[in-house]
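Note sheet for the following structure.
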Amino acid sequence: MVKVSGDDPIYLSVPANFDFDQCLRFLDRNPHEILHRVENGRWIKLIELAKTPVIIQVSKVSEHLCVKALNTELDQEQRITLVSFLEEVFDLNSDLTAFYQKMRGDPIMGDLCEEYQGLRLLGIPDLFEALCWCIIGQQINLNFAYKLKQRLVQATGDKLHYMGRDYFMFPRAEVVANMSVKEFSHWQFSAAKASYLIGVAEQIQAGALTKSGLLGKSVGHIEQTLMGLKGIGTWSAQYVMMKCLRIGAAFPVHDVGLQNAIKVITDSPKKPSLAQLHQLNRKWHPWQAYATFYLWHSLIK
DNA sequence: ATCCAGGTTCGGG
DNA sequence: CCCGAACATGGA
C-alpha cells in the first residue's frame with residue numbers, strides 16, 4: 001500500500017459502459033443550475049464531508065475518474081465517504097449490459113442506447129433535496145424550476161466563497177422547516193409549493209422520514225409512504241424512487257417529458273396513450289428508470 | 001391571447 | 001373510483 005497524502009487526487013476506475021461526457025452533458029443542461037457546474041470537462045460541486053464543506057472536482061483521465069478536493073485536504077474517512085457519494089451520483093456500481101441487451105432493437109430505445117451508450121442515471125443521493133426538487137418542478141417548465149431552486153438555495157443554503165466564486169449546498173431541512181409560506185412568495189413560489197416544501201422539511205427534520213428507513217421497505221410500501229406526504233403524488237414518488245432510491249423499475253408514466261420524448265422519437269402526431277405507456281412499463285421491466293432517463297436526455301437541446 | 005410546462009389536491013358526481 | 005377545477009408563473 002502506497003501512503004498518500006490528503007491532497008493527492010483520488011483515482012476511481014470506471015466500469016464498462018461509462019461515458020463521463022454524456023453524464024456531463026446532462027449535468028450541464030441548464031444554466032441556472034446552482035448546486036454544481038460543469039467547466040472544461042470537469043464537474044465541480046460543494047458537498048459536506050464529515051461536517052466540513054469541500055469543493056470537489058471530478059474529471060476523466062484515461063480510464064479513471066480523477067477526484068480532487070480544491071479547498072482542503074481530506075482524511076481517510078472523508079475520502080471513503082466521497083467515493084460512495086460519487087458511486088451513488090454516477091451509478092458506478094450498476095452493470096448496464098442487461099439494459100442494453102433488453103433494449104437492442106427496441107423501436108423507442110434501440111437507437112438511444114447506441115447514441116448515449118455509457119450515460120448513467122445521474123442521482124440525487126439526498127432524500128430531502130430529491131423531494132424538494134420534485135415539488136419545485138411540478139407543473140412548471142424546467143427552466144423556471146431551475147430559477148426557483150436557484151433563488152431558494154442562494155437565500156437559504158450553506159455557502160462557501162473560494163477563489164472569487166460562491167459555491168452552494170442545498171438548504172438543510174431544519175432551515176426550510178422554520179420558514180414561512182410568505183418568505184417563499186417573493187421568490188415566486190406558489191403558496192401550495194411553499195407549504196409542501198415546509199411540510200416535507202418538517203418530516204425529514206423530525207427524523208420521521210429517512211432514506212435508510214425507506215430502503216428497508218418493499219417498493220409498494222415506499223411508494224405509499226412517499227405519496228402520504230402532502231405534495232408528493234404518483235409522479236414525484238416515482239421520481240424519488242428513480243433518482244434517489246435507485247429503484248430500477250420506477251417509471252413516472254404521467255411525466256410530460258417522457259411522453260414528449262416518445263412522441264418525438266416515434267414521429268407520432270400525439271403523445272402515447274396511458275395504455276401504451278403501461279405496455280412499455282411491462283416491456284422495459286426492470287429498466288424503466290434507465291429508459292426514462294435516456295428519454296429525458298434526448299430532450300436536451 | 002392562449003396553451004403548455006418533468007403535478008397535486010380538493011370537492012363533486 | 002373517476003373528473004374537473006384551482007393553483008401561480010413564465011415562455012412560446
Side-chain angles (χ1 to χ4, degrees), chain A residues 25-35 108 112 116 119 121-124 127 129-152 155 170 179-203 209 223-247 250-265 268-275 277-278 280-281 284 288-301:
Chain A
R25 181 166 165 254
F26 186 88
L27 291 169
D28 198 28
R29 71 183 166 152
N30 191 282
H32 296 104
E33 175 59 68
I34 182 74
L35 296 176
I108 295 172
L112 285 190
Y116 303 148
L119 170 66
L121 199 172
L122 279 322
I124 303 175
L127 178 62
E129 183 188 331
L131 285 163
C132 290
W133 182 226
C134 287
I135 292 166
I136 292 171
Q138 287 166 8
Q139 188 50 24
I140 57 177
N141 67 66
L142 210 45
N143 197 51
F144 184 45
Y146 274 105
K147 284 186 193 167
L148 292 182
K149 181 173 84 165
Q150 182 177 39
R151 290 172 194 155
L152 171 67
F170 197 77
M179 287 170 49
S180 66
V181 170
K182 191 169 173 13
E183 289 177 83
F184 277 99
S185 68
H186 49 253
W187 304 320
Q188 294 178 281
F189 284 65
S190 69
K193 275 195 203 305
S195 67
Y196 299 157
L197 291 170
I198 293 166
V200 166
E202 286 168 347
Q203 295 291 305
L209 185 65
E223 205 174 345
Q224 291 313 306
T225 304
L226 292 173
M227 287 176 61
L229 298 163
K230 272 273 186 300
I232 302 299
T234 51
W235 176 83
S236 301
Q238 298 301 316
Y239 184 93
V240 169
M241 285 164 40
M242 264 182 76
K243 297 271 288 186
C244 182
L245 305 178
R246 293 216 169 268
I247 294 167
F251 191 49
V253 276
H254 299 286
D255 182 89
V256 296
L258 171 74
Q259 297 182 4
N260 281 329
I262 292 174
K263 173 174 178 274
V264 170
I265 288 166
S268 161
K270 45 196 290 196
K271 293 179 192 173
S273 68
L274 215 51
L277 288 161
H278 282 120
L280 293 173
N281 185 34
W284 291 344
Q288 298 97 312
Y290 253 92
T292 300
F293 192 74
Y294 273 48
L295 287 162
W296 286 345
H297 198 63
S298 76
L299 295 170
I300 299 177
K301 313 230 176 21

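As the structure is a computational prediction, the values presented were derived from the model and not from experiment. Just so we're on the same page: letters track the sequence lines, and every chain starts at 1.
Using cut-offs of 30° and 60° on the angle between ring planes, the pair H297(A) and Y116(A) is perpendicular. Relative orientation of the F293(A) and F26(A) rings is tilted, given thresholds of 30° and 60° on the angle between their planes.
I136(A) has its CD1 atom 15 Å from the C1' atom of dT8(B), to the nearest Å. Atoms CD1 (I135(A)) and P (dC7(C)) sit 19 Å apart, rounded to a whole Å. dA5(B) atom C1' lies 14 Å from atom OH of Y146(A), rounded to whole Å.
With a 4.5 Å cut-off on side-chain heavy atoms, L209(A) and T225(A) count as touching.
Residues I136(A) and A145(A) share a closest heavy-atom pair of CG2-O, 3.5 Å.
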Check the interface with nucleotides 8-10 of chain C: list each N/O to N/O pair with the protein under 3.5 Å, or write none.
unit_1, atom_1, unit_2, atom_2, d
dA8(C), OP1, A191(A), N, 3.3
dT9(C), O3', Q188(A), NE2, 3.0
dG10(C), OP1, Q188(A), NE2, 2.2

Could I get a table of every N or O pair under 3.5 Å where one atom is in the protein and the other is in nucleotides 1-4 of chain B?
none

Output a table of donor-acceptor pairs, distance under 3.5 Å, between side-chain atoms of residues 252-264 of chain A and any protein atom two or more places apart or on a different chain; print 'none' if there are none.
unit_1, atom_1, unit_2, atom_2, d
D255(A), OD1, W235(A), NE1, 2.7
D255(A), OD2, G257(A), N, 2.8
D255(A), OD2, L258(A), N, 2.6
D255(A), OD2, W296(A), NE1, 3.0
Q259(A), NE2, V253(A), O, 3.0
N260(A), ND2, V256(A), O, 3.2

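Close to dT8(B), at under 4.0 Å from its OP1 or OP2, lies a side-chain N or O of S236(A).
Along DNA chain B, the nucleotide nearest Y196(A) and the nucleotide nearest T292(A) are compared for position; the residue whose nucleotide lies closer to the 5' end is T292(A).
Panel note: side chain Q288(A), backbone N281(A); a donor-acceptor pair is recorded below 3.5 Å.
Remark: the separation of the C1' atoms in dT9(B) and dG10(C) is 23 Å, to the nearest Å.
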